[in-house]
Amino acid sequence: MTAAAIDPTVRAEQTTELQIQNRTLEMQLLHESLARAHMQERLQEAEHQRLVVRLARAHRLKQKAERASLRARKALAVALM
């Protein structure tokens with residue numbers, strides 16, 4: 001005979017222990033999932049920040065090129081007069 005057949009409280013204790021273990025595992029998995037989501041959010045923020053920096057740099061370089069082009073046109077106009 002098994003222990004559960006002899007004493008029904010053994011089965012209840014095992015069930016309770018299994019429920020506690022499952023709850024503990026669920027909480028651990030929940031924390032891991034939360035950490036993954038947090039890390040994913042941080043990675044997206046970093047990628048967005050890099051994109052903003054690249055766009056700002058491209059805008060500054062475009063303005064610098066436009067100013068250089070305007071200076072060159074003026075210099076050419078002065079040289080032709």
With rounding to the nearest 0.5 angstrom, report the [atom1] to [atom2] distance, [X] to [Y].
X	Y	atom1	atom2	value
Leu61	Glu66	CG	CD	11.5 Å
His31	Glu26	NE2	CD	12.0 Å
Lys62	Leu55	NZ	CG	12.0 Å

Next item on the list: Examine the side chains of His48 and Gln44 and answer whether a donor and an acceptor come within less than 3.5 Å of each other.
Entry: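 No.
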
Margin query: Closer than 4.0 angstrom, basic N to acidic O: yes or no for Glu47 and Arg50?
Written below: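 Yes, charged N to carboxylate O under 4.0 Å.
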
Margin query: Side chains of Leu30 and Leu34, heavy atoms from C-beta outward: is any pair under 4.5 Å?
Written below: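 The answer is no; the side chains never approach within 4.5 Å.
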
Next item on the list: Using a 4.5 Å cut-off on heavy atoms from C-beta on, say whether the side chain of Gln40 contacts that of Arg36.
Entry: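 No - every pair of side-chain heavy atoms lies 4.5 Å or more apart.
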
Item checked: Pairing residues for Arg42 by the salt bridge (Lys or Arg N to Asp or Glu O under 4.0 Å) criterion, not counting sequence neighbours ->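 By the salt bridge (Lys or Arg N to Asp or Glu O under 4.0 Å) rule, Arg42 matches Glu45.
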
Next item on the list: Determine, stepwise, if the pair Arg71 / Arg67 fulfils side chain to side chain contact (heavy atoms under 4.5 Å, CB included).
Entry: CA-CA 6 Å; Arg71 280 193 307 269; Arg67 286 191 304 267; 3.9 Å; yes

